[in-house]
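Chain A is the first sequence line, chain B the second, and so forth, proteins listed ahead of strands; every chain is numbered from 1.
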Amino acid sequence: VRPYDLDWPCHNVVPGMAPVAAVLARTEQTVVAMTGIRAYPTGFGFTLNLRLRNLHPRQRRGFWPFPELGRHRGPPWSDGVLRLTVEFADGHSVTNLDPAPSDPEVPAFEQPMLSSGPGTGGGVDGWSFDMDYRLRPLPPPGPLAFACVWPARGIPSARVEVDGAAVLRAADAAVTLWSDDPYCSAD
Amino acid sequence: VSFFDQPLRVTRFKLVHAMWRRQRADGRKVTNLDQYPFVPEDLPPDQPVLVEGGGVGSEGGRLGRGAFWDLELAVQPLPPPGPLAFVCAWPGRGISEVRVEVDAGLVLDAAAAAVPFFPEARS
């Protein structure tokens with residue numbers, strides 16, 4: 001098994017759940033929320049909930065706010081992308097604009113990252129999207145901050161903090177299903 | 001044949017054999033075999049409904065091993081206080097019937113904390 005072949009998060013683990021949900025930003029036409037923290041031994045995941053309404057016809061064509069998944073269709077609006085940052089209590093942070101880990105010889109779970117997908121969504125004059133994000137490593141105890149900037153949607157800056165210890169407690173409750181899976185040995 | 005090549009057929013096949021159901025403290029229950037694709041408008045409001053939402057999964061995967069699915073399920077209405085049981089049977093995988101109970105109060109507390117995305121849009 002090559003290090004780069006190791007899945008993360010591993011499907012061999014039932015994550016622990018942290019009862020955390022927060023509205024990150026709200027305007028008249030846009031809401032960004034974060035729900036459902038799922039914690040693994042070496043990191044955690046959450047769902048970013050986006051709700052948009054009264055989209056301008058120009059925005060409906062090729063609307064795609066997730067820069068980490070590449071430009072979808074339409075023009076490359078620099079202000080149109082959602083910039084998401086997660087900040088740890090020790091000062092470390094990771095964003096959805098950071099380059100993906102690329103070292104094939106370093107196990108994926110040892111490289112800090114914030115990645116997205118899968119997600120579901122759609123709409124016509126409004127837009128709804130629930131995107132799963134995965135982040136590693138686990139945060140230290142203390143405030144765990146989620147911040148976003150989305151100029152095109154009238155969100156210059158927004159930030160909420162949750163308890164990092166709640167994520168750690170959830171990680172302790174994660175259950176490894178089979179201990180002999182060579183592709184998931186570290187998680 | 002990969003899961004993604006024939007998602008609907010494979011999903012249905014597996015779910016029929018999994019036979020998930022939820023059982024509430026007042027005796028009402030609903031199973032995935034009821035197969036509600038959506039919530040029927042003429043259904044009595046106290047009739048439990050289980051609807052399958054989005055999901056991801058793979059058979060074999062890029063490493064050629066096993067299979068996994070993560071499915072989103074939604075149930076209405078909210079359960080009454082008391083034990084909320086999740087029961088599954090999957091004879092094809094050697095699981096006759098297993099059951100776990102959780103405190104429905106946790107679900108009710110979470111529901112009380114839910115907020116609408118756009119409050120003024122509530123009908």
Tell me, side chain or backbone of A:Q29 under 4.5 Å from chain B's heavy atoms, or both, or neither?
-> backbone

Any side-chain heavy-atom pair of A:V167 and A:L138 under 4.5 Å | yes

Can you say whether A:R26 sits under 4.5 Å from chain B via the side chain, the backbone, both, or neither, judging by heavy atoms?
-> side chain

Can any side-chain N or O of A:R136 pair as donor or acceptor with the backbone N or O of A:R134 at less than 3.5 Å?
-> no

Do the side chains of A:L84 and A:L24 get nearer than 4.5 Å, heavy atoms only?
-> yes

Would you say A:T27 and A:R153 make side-chain contact, with heavy atoms under 4.5 Å?
-> no

Contacting moiety of A:T35, where chain B heavy atoms sit under 4.5 Å | neither

